[in-house]
Structures are given as structure tokens and as C-alpha cells.
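A note on names: the letters A, B, ... follow the listed sequences, proteins ahead of strands, and every chain is numbered from 1. Note: hydrogens, waters and symmetry copies are ignored here, and every other heavy atom, side chains too, is used. Computed from a predicted structure; not experimentally measured.
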Amino acid sequence: MPLRPSRARGLLDGIPHRGAAAAGYRAAPECDGEPIATYAGMLARGERPDAYTFPSLLKAVARAPPSCARGGGAVAAAVHTHVLKFGMERSPHAASALVSAYAAGGGGASARALLDACGCGMSVAWNALISGHCRGKRFGESCLSFADMVRDGVTSTPVTYVSVLSACGKGRDLLLGAQVHKRVVESGVLPDLKVENALVDMYAECADMESAWKVFDGMRVRNVVSWTSLVSGLAGLGEVDRAREVFDRMPERDVVSWTAIIDGYVQAAWFREALEMFRQMQYSNVRADEFTMVSVITACAQLGALEMGEWTRVYMSRQGIMMDVFVGNALIDMYSKCGSVERALEVFKDMHNRDKFTWTAIILGLAVNGHGEEAIDMFHRMIRVSEAPDEVTFIGVLTACTHAGLVDKGREFFQSMIHSYKIAPNVVHYGCIIDLLGRAGKITEALETIDQMPMAPNSTILGSLLAACRVHGNLDIGELVAKRLLELDPENSMVYILLSNMYAKSNRWQDVRQLRQAIMEKGIKKEPGCSLIEMNGMIHEFVAGDQSHPLSKEIYSKLENVIADLKNVGYYPDITEVFVQVAEEEKHNTIYWHSEKLAIAFALLRSEPNTVIRIVKNLRMCLDCHNAIKLISRLYGREVVVRDRTHFHHFRHGFCSCKDYW
DNA sequence: GAATACGTGA
């Protein structure tokens, strides 16, 4: 095992002769470069570091951006060089810190070698190994290290238990967690607040709430951490209501508890509740931090709440909250999901540290907003800076090919993903390929691909092929796909809508009637359409036919005027996708009152002229709304962005970015 | 004064 650090890259090279800044280490704004500069200054003054210097230095560089040193524990190695230079390798303090840093940075072998060599303060060094692996997200390694420690007969301390329990929880290893619990009880370290908290958290992370409560109830002393573990455990199980009850019962709440409940709402897709909790948090005198803001920005993204998303940046600068890589990534995603690629790109360009999430977010953002070629360029840039793409990155790349109509390129990327990057395609990747082929009109090939997939197609895949059949007028395969789709998902009202649309297009009115009959008989209900629009920081929700908005009267009369205007330029309502069994005239009303039309009427009433109208819809847009909005964008000179369940529609000058394919 | 518990992103 190498005890000498292998090629340490950059981080502390040149110290003490030059300052830290000249040493190839340029602290990014969110990265605290202070301790390194301090260390450099110390050496420059001829002072010798002592046993405590290196642990604090390592703590500081643990937060260094990955671009400074990547993999294999290079950061640890850089510091290791200095430790050796000053002959401090026998210091248990320095050695333990190094073990931890090596393990965290992926230098498991070096960490182990160092541990075996240092021999003193055994428990602490083992603890460092276990927790280091945990910090590096290698939970299995962490657990194995604990097993080795036990086998070597090294005494476990409370810190050992806390570290290994944390690894069990994060690695979802309930079996080992329960075994450690037994040892904890036998060891006699209880009662110990931190160990008990680690137990509660381990059980909560492993979704065993019963055991978590049992430990919690048995605790003589509890603190905010004990409570927060329960809150996040419940939230993680999707039981956000119960999480909220526990949250409300907590004797005190800190920023972590608040973030846990806010994020719980986000994970449960209760985005408005998440924002409401954030509002309450501001009243509670607990300051938000980067973690909180990531959840808040995510909620804004999902709601399409661009104004509020923008406001978070003002808020963060006022509150002194750093824009770290997590926040930056969340912002990129938020702008993308609000249909504002330009702003997403601005954030991307301003980011000093980027990781694979950053690249993936911008690739996806460009791709779904119809900038396929630029997305592919980004992918190549990502490869050039040696950031390794993963399966999500390829979803972005394949989506980009779909949007740019690059069938062959998409196929190439799919192959290179499998063979060069050794990523096994999942059902989503196949979905992209089906979409790619379907969109290009290669319906037969798409169907063949579905049948050759190593997994069963889901309703998304079949649905995308059905949509392709509609656009390309392939009724034969369309009927086939619809049948398979209904076997999979009998309540799927979209199937009937698309199929009926195709029948109508081929003048098969008898089939249209039969389809309608079938729907009536089966009692299939269409999920109500719902559109969100943000206005002056408020999120307004419209459901089809909904009259609950305070300005309802004005909105409906505005809508009537708009429809009259549209009819003057040749609009005629398209009711081929209307399924309720009512008179023709009422069918017209049904589509006039679709939620996105109400939202647009509201926007035309209340928003500033020339501003972009942004709507988020829960379902696929209907044909009629798509036609109507194209005309509205031309007639009123307004840009409209609609994000529906699967696509972005950027309407400008009478055209839609989806080129009528969705 | 080394190792330790709760909440982040595509």
C-alpha cells in the first residue's frame, strides 16, 4: 500500500513560496479559501504547523470545489505531502484527519494503509475511516470498515456508533442497523443523546418508523435533532401530513427542521404548501440557508413561479446566503422549467463550480425548450471538461436529438451511452428513442423498438407512440397501440382523445361515436384540466369551467371578447377532442372554458403589455387551445409559454416551438 | 484542538 501520497494535484503546491492564490488554488466565491491562505501565511513567516494545523486545514479543503482535485483522495494527498514534510505523520490528530479525508475523497486504500501504519489512537482513526467513507457517500464501504474494526477487536466508541448508524441509514441497510442497535444496547453507552439520535435517524431513513418511534419514546433527553429525524423520516415516506403534525409538536425548530418540512412538501408535490411554510419560517425568526433555498427554488420551478423564483435571488443576496453549486443547479432548473432558457444560461455562465448536475440541468433545460443543437454542444463541452455524464445526462442528450430531429445522431448517442459510457439504458432512454423515431415519422421502427426492448413498455412510451401516430396519421398502428395502452392503463382518457382525434381526421365518424359510447359506458372521467399562472407574486389556479376566481366575471367576458377577435381572423373551435355528451353549442363552451384559456384571459386582463405569459398545465394541451393560443400570440403580440405535462410550447407570432407535434 | 446525530440539485 502506498504510504506516500501519489501525485497530489495543485491544491497546496508551491506553498509557502507563493500565496495560495498563486498556488493554483483559486477559491470560488462559495468556497472558503481563508484557511489555505492562512496556512500559506504561516509557512511564509517560518512558523511550523503543529498537530492541530492539518485537521483544520483538511476541514477547510474538504469543501474545496471538485475541480481543484478530483478523485482518489487527491486533496488528502496534497495535505499528506505537507504532513510528511513536517514529520507529523505520527500525530494521531493529523493521521486521523488524513484517514478521514482520504476515505471521503475516494482514496480508500490510502486511508486504510495510513490507518494500519499509525497504530495509535486506534478507535479514533477507525472512526475517521468509517465517517470518511460516509462523507464520500460510500455507505457500504463505511459499514464494511465497521465490520473490519469489530473483527480487529478495536473498541467501539459512541462516535463509532453514530458514524456507522449514519452509514446504515443513508445506505438503507436496516439489517445491519438493527444489529448495530443490539451492540449499542449491550455496550452500555446508553443513554447518549447523539447515539440515540443516530438510532432514530437510522430507523427513520430505513422507513422503519415504528422502531424510530420506539427509540424516540424511550429517550430521556431529546433535542431538535431527534424530532427532525422523525419529521424527515415521515416526509420521506410521503406521509407529509404526519410529518407536519410532528413538526407542529416540536418544542423548538431550527433551520434544518424547517427545511425538512418544506422539502417534505416539495417531495410530496405540495408546492404551494412548501412556499407557504417558507413564508411562515420567515416569521419564525429562523434564518434560511442554502439548503432551504434549494427546496424553495424547486417549488418555484414546479409551479412555474418565475417571479418568486427571481425573488429568491434578491432574498439570498439580502440574507447573505451563498449561491453554491446546489443553489445554482436549482436555479438553472427553475428557469428552464419556467421556459426561460436565457436566464438559465446566465446562471450557468456565472457559476464558478459546476458538477454533473449543473451540466445535466442545462442540457435538459436547452433540450426541452427546443434548443436541441445547443444542448448537444453543451454535452460536448461537458465531456471536454472531463465531467462524467450519467444516465440522466443522456436523457437530456437524447431529448435534444428528438427536438432537433436528429434521428441518426440520437441513435449514435444511444449506442455510445451503452458501449463507451457503460450505461445500461432504462425505460426512459427507450422512451426517448421511441419519441425520436415517432417524431420523425418512423412509426414502424418505433413499434419494433418497443417490442425489442428488454423491459415492458410503460404507458408513457406507448402514449408517445400514439401521439406520433396521431401526428403522422398512422391509424393502423395507432389503433394497435391504443389497445395495448388500454390493457395497461384502462382509465387513460388520453387514449380515447387521441384515438378519436385520429378517427375524426379520417372521417370515421361511426368510430368516433362508438368511442364516445364506450367512454360513457365505462364511466371514464377525464382528469380535470388545471392551469397555474403567477401574477405579482400570487399563484392563480384555474380549473376548466371554474368560476371561483374573484375576477371570474371579468375573465369570462374578456375571454368572450378574445374568442370573438379570434373568430374574426378565421378561428373555428375544434371539438374533436371533446367527449362529454352534450349539444354542439355546449361543446364549444366546454373548450372555451379550458383552464389555459381562462388563465390567458386573466393574463391579458392583468399583466403588463409585452410581457411573456407563462402557464403551467397539468395535462396535455388540447388541439383547440393550441390553435387558439397560436392565434392569440399573433393577434395580441404576446409571447405565451405553456408547460404541459410533457412538453414546452413557446408561442410567438402565431407559431409554436413544438411545430404542432406533442 | 483528531472521529460523531437532523434538511439540498439534474
Side-chain angles (χ1 to χ4, degrees), chain A residues 50-56 58-59 91-101 103-104 115 118 120-132 134-135 157-167 169-170 192-202 204-205 222-233 235-236 250 253-264 266-267 288-298 301 324-334 336-337 355-365 367-368 389-396:
Chain A
D50 64 13
Y52 307 117
T53 308
F54 294 110
S56 48
L58 278 164
K59 237 179 218 162
S91 151
H93 287 79
S96 299
L98 270 177
V99 167
S100 182
L115 169 69
C118 76
C120 46
M122 284 298 263
S123 294
V124 175
W126 277 100
N127 295 346
L129 184 68
I130 295 166
S131 63
C134 200
R135 244 198 309 154
T157 69
V159 177
T160 317
Y161 295 127
V162 168
S163 307
V164 70
L165 285 169
S166 172
K170 295 194 167 74
D192 179 304
L193 180 60
K194 284 185 179 173
V195 174
E196 290 167 300
N197 279 345
L199 282 167
V200 173
D201 189 60
M202 179 276 293
E205 290 248 46
R222 304 178 187 112
N223 66 2
V224 63
V225 177
S226 339
W227 287 91
T228 305
S229 287
L230 293 177
V231 170
S232 63
M250 291 175 71
R253 298 168 194 92
D254 64 7
V255 58
V256 180
S257 349
W258 277 102
T259 305
I261 193 69
I262 291 171
D263 195 60
V266 171
Q267 298 305 326
D289 66 7
E290 292 77 8
F291 287 67
T292 322
M293 297 319 292
V294 168
S295 293
V296 171
I297 294 165
T298 306
D324 65 13
V325 64
F326 277 86
V327 173
N329 295 347
L331 283 172
I332 290 176
D333 184 49
M334 185 274 292
S336 302
K337 288 202 164 67
D355 60 13
K356 73 172 177 187
F357 291 88
T358 319
W359 289 98
T360 303
I362 197 71
I363 290 168
L364 267 165
V368 296
D390 68 7
E391 67 277 8
V392 187
T393 317
F394 276 100
I395 290 169

Take atom [atom1] of [X] and atom [atom2] of [N], then tell me their distance rounded to the nearest Å.
| X | N | atom1 | atom2 | answer |
| --- | --- | --- | --- | --- |
| A:L230 | B:dA5 | CG | P | 17 Å |
| A:M250 | B:dG7 | CE | P | 12 Å |
| A:Y161 | B:dA5 | OH | C1' | 16 Å |
| A:E196 | B:dC6 | CD | P | 15 Å |
| A:D50 | B:dG1 | CG | C1' | 9 Å |
| A:I130 | B:dT4 | CD1 | P | 11 Å |
| A:W359 | B:dA10 | CH2 | C1' | 14 Å |
| A:R135 | B:dA2 | CZ | P | 13 Å |

What's the closest nucleotide to the [X] side chain, out of [options]?
| X | options | result |
| --- | --- | --- |
| A:D289 | B:dA5, B:dG7, B:dC6 | B:dG7 |
| A:H93 | B:dA5, B:dA2, B:dA10 | B:dA2 |
| A:E205 | B:dG1, B:dG7, B:dA10 | B:dG7 |
| A:S166 | B:dA2, B:dA5, B:dG7 | B:dA5 |
| A:T259 | B:dA5, B:dT8, B:dG7 | B:dG7 |
| A:D263 | B:dA10, B:dT8, B:dA5 | B:dT8 |
| A:N127 | B:dA5, B:dA10, B:dA3 | B:dA3 |
| A:F291 | B:dA3, B:dA10, B:dT8 | B:dT8 |
| A:V255 | B:dC6, B:dG1, B:dG7 | B:dG7 |
| A:S100 | B:dA3, B:dA5, B:dA10 | B:dA3 |

Under the salt bridge (charged side-chain N to carboxylate O under 4.0 Å, His left out) test, residues paired with A:D50 that sit two or more places apart: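 Listed in chain order: nothing, the list is empty.
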
Those residues that, when tested against A:D333, pass salt bridge (charged side-chain N to carboxylate O under 4.0 Å, His left out) (two or more places apart):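 A:D333 satisfies salt bridge (charged side-chain N to carboxylate O under 4.0 Å, His left out) with A:K337 once adjacent residues are dropped.
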
Aromatic ring proximity A:F54/A:H93, centre distance under 6.0 Å: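 Ring centres of A:H93 and A:F54 not closer than 6.0 Å.
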
Between A:T160 and A:T157: side-chain donor-acceptor atoms closer than 3.5 Å: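 Judged by distance alone, the side chains do pair up.
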
Base B:dG7 paired with A:D254 side chain (donor-acceptor, <3.5 Å):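 When only heavy-atom distances are counted, A:D254 does not reach the base of B:dG7 through any donor-acceptor pair under 3.5 Å.
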
Which is true for [X] with a 4.0 Å heavy-atom rule: it touches a base, it touches only sugar-phosphate, or it touches nothing?
| X | result |
| --- | --- |
| A:E391 | nothing |
| A:V99 | nothing |
| A:S163 | sugar-phosphate |
| A:T292 | base |

Under-4.0 Å side-chain N/O to phosphate OP1/OP2 contact, A:S131 with B:dT4: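 It does, given that an N or O in the side chain of A:S131 lies less than 4.0 Å from OP1 or OP2 of B:dT4.
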
Under-4.0 Å side-chain N/O to phosphate OP1/OP2 contact, A:K170 with B:dC6: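 A:K170 to B:dC6 OP1/OP2: side-chain N or O found under 4.0 Å.
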
Pi stacking test for A:F357 and B:dA10: under 5.5 Å apart, planes under 30°: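 Aromatic stack with B:dA10 absent for A:F357.
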
Test item: A:R253 and A:I261 side chains (from C-beta on) under 4.5 Å apart, heavy atoms: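 Of all side-chain heavy-atom pairs linking A:I261 with A:R253, none is under 4.5 Å.
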
Side chain to side chain, A:N197 and A:S229, heavy atoms closer than 4.5 Å: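 When only atoms from C-beta onward are counted, A:S229 and A:N197 do not touch, as no gap falls below 4.5 Å.
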
